[in-house]
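From a predicted model like this one, the values you see are computed outputs, not experimental measurements.
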Amino acid sequence: MSVDPSREKFQAYLAQQGLRVTNQRLAIFDAALAQKEHFTAEQLLDRARTIDDSVSRATVYRTLPLMTESHVLREVDIGSGEKYYLANSSRGTQVAQVVCVDCDKIFEISAPFMEWYGSTVSQKLGLKPISQRLQVSAQCIAYRHNGRCPNRLKQ
Ligand SMILES: [Zn+2]
């Protein structure tokens, strides 16, 4: 087994919470970290089951918050009612999302100016910034050309 720092981080978090490191939890973890794009809980369930077919929907929904609390995943809320997740990269945490209004495809861009912006506006009010987010709604290239996106999930 290769040493994956976020896998160790996740296992340490489970131990700290008094939770067992089960094969199902590790299958969910491995499936999540293998994703290059944002994914939903249901997509994660499908992928985790290809690793371990005993993974249940309930375990996925219970494991997702453990992965966000241990900072191996980030939750991305685009206001569609469904939550998206992405593995936390080690590079800067200041990212902004550009979301296609048709297919909900999420593009991430690094946005170092946000840190400056957040601390500047907070300091004006005498406050300390904790977190912030920036989301831009956009039309992806396929949508602009064809009026709909091939990767659109909803009809
Ligand atoms: Zn699109």
Side-chain angles (χ1 to χ4, degrees), residues 1-112 114-115 118 128-143 146 148-155:
M1 293 293 289
S2 64
V3 178
D4 178 342
S6 42
R7 206 175 206 251
E8 288 191 339
K9 196 167 155 186
F10 180 57
Q11 289 178 327
Y13 181 79
L14 290 178
Q16 186 199 320
Q17 299 294 309
L19 298 167
R20 284 190 311 128
V21 177
T22 60
N23 287 338
Q24 286 84 357
R25 285 191 175 125
L26 289 181
I28 294 164
F29 173 88
D30 288 342
L33 274 275
Q35 302 314 309
K36 302 277 175 265
E37 303 267 331
H38 298 75
F39 56 86
T40 63
E42 291 299 316
Q43 289 167 339
L44 180 59
L45 174 63
D46 288 343
R47 279 147 196 181
R49 277 182 174 161
T50 66
I51 299 172
D52 182 337
D53 62 11
S54 69
V55 170
S56 71
R57 176 172 281 113
T59 308
V60 168
Y61 280 89
R62 280 196 302 261
T63 305
L64 275 168
L66 299 172
M67 290 195 287
T68 55
E69 285 154 22
S70 59
H71 304 293
V72 297
L73 286 189
R74 254 182 317 114
E75 190 180 282
V76 178
D77 187 348
I78 62 166
S80 68
E82 195 163 25
K83 294 219 164 91
Y84 287 84
Y85 299 89
L86 188 68
N88 232 343
S89 64
S90 49
R91 64 188 159 80
T93 51
Q94 296 298 326
V95 291
Q97 284 108 26
V98 183
V99 185
C100 175
V101 293
D102 188 43
C103 63
D104 285 352
K105 182 170 172 57
I106 304 166
F107 302 85
E108 293 221 336
I109 52 164
S110 84
M114 278 173 63
E115 190 171 347
K128 179 178 178 296
I130 302 297
S131 71
Q132 59 194 355
R133 62 178 191 166
L134 173 66
Q135 273 177 11
V136 177
S137 298
Q139 294 176 339
C140 76
I141 292 166
Y143 183 56
N146 311 319
R148 65 176 285 140
C149 305
N151 51 344
R152 178 176 171 174
L153 298 169
K154 303 152 218 159
Q155 287 306 307

Any donor-acceptor N/O pair, Arg47 side chain to Ala32 backbone, under 3.5 Å: no
Can you tell me how far NE2 of His71 sits from OG of Ser6, rounded to the nearest 0.5 angstrom? 13.0 Å
Does Arg133 reach the main-chain N or O of Asp77 with its side chain, forming a donor-acceptor pair under 3.5 Å? yes
Could you tell me whether the side chain of Arg49 and the main chain of Val55 form a donor-acceptor pair under 3.5 Å? yes
Sub-3.5 Å donor-acceptor pair from the side chain of Thr63 to the main-chain atoms of Thr59, do we have one? yes
Just so I know, are the side chains of Val21 and Phe10 near enough to count as touching, which here means a heavy-atom distance under 4.5 Å? no
Is there side-chain contact between Phe39 and Leu73, with heavy atoms separated by less than 4.5 Å? yes
Do other residues, nucleotides or ligands put more than 12 heavy atoms under 6.0 Å from Asn23 CG? no
Please state whether the rings of His38 and Tyr84 are parallel, tilted or perpendicular, taking 30° and 60° as the class boundaries. perpendicular
Ile51 and Ala27 have their tightest heavy-atom pair at CD1-O, 3.6 Å
Is it the case that more than 12 heavy atoms not belonging to Glu115 sit under 6.0 Å from its CD atom? no
Distance check, rounded to the nearest 0.5 Å: Leu44 atom CG versus Leu64 atom CG? 5.5 Å
Decide if atom CG of Asn146 counts as having more than 12 heavy atoms of other residues, nucleotides or ligands within a radius under 6.0 Å. yes
Rounded to the nearest 0.5 Å, the CG atom of Leu33 sits from the CE atom of Met67 at a distance of 7.5 Å
To the closest 0.5 Å, what do you measure between CD1 (Ile78) and CD (Gln97)? 9.0 Å
Is a side-chain N or O of Gln132 found less than 3.5 angstrom from the main chain of Met114, in a donor-acceptor match? yes
Would you say the side chain of Gln43 lies within less than 4.5 Å of the side chain of Glu37, judging by non-hydrogen atoms? no
What distance do Arg25 atom CZ and Gln11 atom CD have between them, rounded to the nearest 0.5 Å? 11.5 Å
Between Cys149 and Cys140, which heavy-atom pair has the shortest distance, and what is it? SG-SG, 3.4 Å
Looking at side-chain heavy atoms only, is the closest gap between Gln35 and Leu86 below 4.5 Å? no
